[in-house]
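Below is one structure, written out as structure tokens, with a few remarks after it.
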Amino acid sequence: MKNSLFALAVTVTAALSALQGCASVAKLDTPSGFATVPHDDTFAYRSLSAKGVVLATRTEKNDLRGNTDFWSESIDLKLTRAGYTKQADKEVTTARGLKGRQLRYAVERRGREHRYWVTVFLKDDRVVLVEAAGDSEHFGAAEATVERSIATLRVD
């Protein structure tokens, strides 16, 4: 199950192909109950709970010089076209004062509802994405933990 949830997060990340750029530099504090997964060329940070909830960060060049609304709307269009149902859209602020926009979705996979959150921040000439995904049953139990972890975002 963990692999299918991680595959879901990777699939959604691939759907956000409008953002292409350099290696990531965004990090989170790994929440209690999660284990850090080695980073790769796509993600600067990834962690996974024992029940398959995934957290990941990445940054991309903002070559189009879009603002947070532009990137949020672009992501929303791609996800809704891919069958994701938006459940919430809200402003967020990290502990370090970085303001962003969080989009929350639900999607059915293999007969089960999954949640996917993408939080969009702008830092200098970068678009910073924090992604969280997992089976709704397990994600719901981890929601507060995920929110606290997103608030720890730091961009080097």
Side-chain angles (χ1 to χ4, degrees), residues 1-19 23-60 68 71-72 74-121 123 126-156:
M1 178 191 255
K2 289 181 211 167
N3 288 338
S4 67
L5 293 174
F6 192 73
L8 170 67
V10 171
T11 299
V12 172
T13 299
L16 304 178
S17 61
L19 299 173
S24 303
V25 293
K27 307 280 184 187
L28 302 175
D29 291 346
T30 300
S32 177
F34 282 66
T36 303
V37 178
H39 72 279
D40 61 18
D41 290 338
T42 304
F43 299 101
Y45 168 87
R46 293 183 298 170
S47 66
L48 177 70
S49 78
K51 294 190 176 179
V53 176
V54 177
L55 275 165
T57 66
R58 64 190 177 109
T59 62
E60 305 292 344
T68 305
W71 289 113
S72 297
S74 297
I75 290 166
D76 183 59
L77 284 171
K78 286 193 176 287
L79 290 174
T80 55
R81 287 179 183 156
Y84 288 74
T85 302
K86 188 190 290 184
Q87 296 184 318
D89 181 338
K90 66 181 200 170
E91 299 296 319
V92 296
T93 304
T94 68
R96 295 178 184 227
L98 189 60
K99 295 187 182 303
R101 189 160 164 198
Q102 187 172 86
L103 307 171
R104 297 180 177 192
Y105 297 89
V107 66
E108 188 175 316
R109 294 285 185 249
R110 296 184 181 163
R112 297 204 36 103
E113 183 183 81
H114 289 78
R115 292 189 198 172
Y116 174 69
W117 294 2
V118 59
T119 310
V120 181
F121 299 93
K123 175 78 172 166
R126 301 275 182 202
V127 179
V128 179
L129 300 177
V130 179
E131 298 169 86
D135 183 277
S136 289
E137 179 182 345
H138 304 301
F139 196 101
E143 189 170 306
T145 300
V146 169
E147 287 176 333
R148 282 191 302 274
S149 185
I150 293 169
T152 70
L153 176 70
R154 58 198 175 281
V155 183
D156 302 328

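Just so it is clear, the values below take in all heavy atoms, side chains as well, and ignore hydrogens, waters and symmetry mates. Given the structure is predicted, the values throughout are model-derived calculations rather than measurements. Note that the numbering runs from 1 along the sequence shown for the chain.
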Which heavy atom of Ala132 sits nearest to which heavy atom of Val146, and what is that distance?
CB-CG1, 3.8 Å
One should read off an interatomic distance between Leu98 CG and Phe121 CZ, to the nearest 0.5 angstrom, of 5.5 Å
When Asp89, Leu103, Val118 are each screened for side chain to side chain contact (heavy atoms under 4.5 Å, CB included) with Ser72, the one that passes is Leu103
Could you go through His114 and Phe139, starting from their C-alpha distance and side-chain angles, then the distance that decides it, and tell me whether this counts as side-chain contact (heavy atoms from CB on, under 4.5 Å)?
CA-CA 8 Å; His114 289 78; Phe139 196 101; over 6 Å; no
Below 4.0 angstrom, N of the basic side chain to O of the carboxylate: do Asp29 and Arg154 qualify?
yes
Going through the distances and angles, do Lys86 and Asp76 end up as a side-chain contact (heavy atoms from CB on, under 4.5 Å)?
CA-CA 8 Å; Lys86 188 190 290 184; Asp76 183 59; 2.9 Å; yes
Closest contact, heavy atoms only, Ser47 versus Phe34
OG-CD2, 3.5 Å
CZ of Arg148 to CD1 of Ile150, rounded to nearest 0.5 Å, is 11.5 Å
I'd like to know whether Val127 forms a side-chain contact (heavy atoms from CB on, under 4.5 Å) with Val120, so could you lay out the CA-CA distance, the side-chain angles of the two residues, the decisive distance to 0.1 Å, and finally the verdict.
CA-CA 7 Å; Val127 179; Val120 181; 4.1 Å; yes
Could you measure the distance from the CH2 atom of Trp117 to the CG atom of Leu129? Nearest 0.5 Å is fine.
15.5 Å
Whether the Tyr45 and Thr30 side chains hold a donor-acceptor pair (N or O, under 3.5 Å, no angle test) is what I'd like checked.
yes
Within the distance-only criterion (no hydrogens, no angle test), does the side chain of Lys27 pair as donor or acceptor with the backbone N or O of Ala44 below 3.5 angstrom?
yes
Can you give me the closest heavy-atom contact between Leu77 and Thr80, atom names plus distance?
O-OG1, 3.3 Å
Looking only at heavy atoms, what is the nearest atom pair of Ser149 and Leu28, with distance?
O-CD2, 3.4 Å
Could you tell me whether Lys51 and Glu137 have a side-chain N and a carboxylate O separated by less than 4.0 Å?
no
Polar side-chain atom of Arg46 near backbone of Pro38 as donor-acceptor pair, under 3.5 Å
yes
Give me the atom names and distance for the closest heavy-atom approach of Thr59 to Ala26.
CG2-CB, 3.9 Å
Please report the C-alpha distance between Arg58 and Thr42 in whole Å, then the side-chain angles of each, then the deciding distance to 0.1 Å, and finally whether the side-chain contact (heavy atoms from CB on, under 4.5 Å) criterion is met.
CA-CA 7 Å; Arg58 64 190 177 109; Thr42 304; 4.3 Å; yes
How many angstroms lie between CH2 in Trp71 and CZ in Arg101, if you round to the nearest 0.5 Å?
14.0 Å
Spatial distance of atom OG (Ser136) from atom CD (Glu108) [nearest 0.5 Å]:
10.0 Å
Nearest-0.5 Å distance, CZ of residue Arg104 to CD of residue Gln87:
9.0 Å
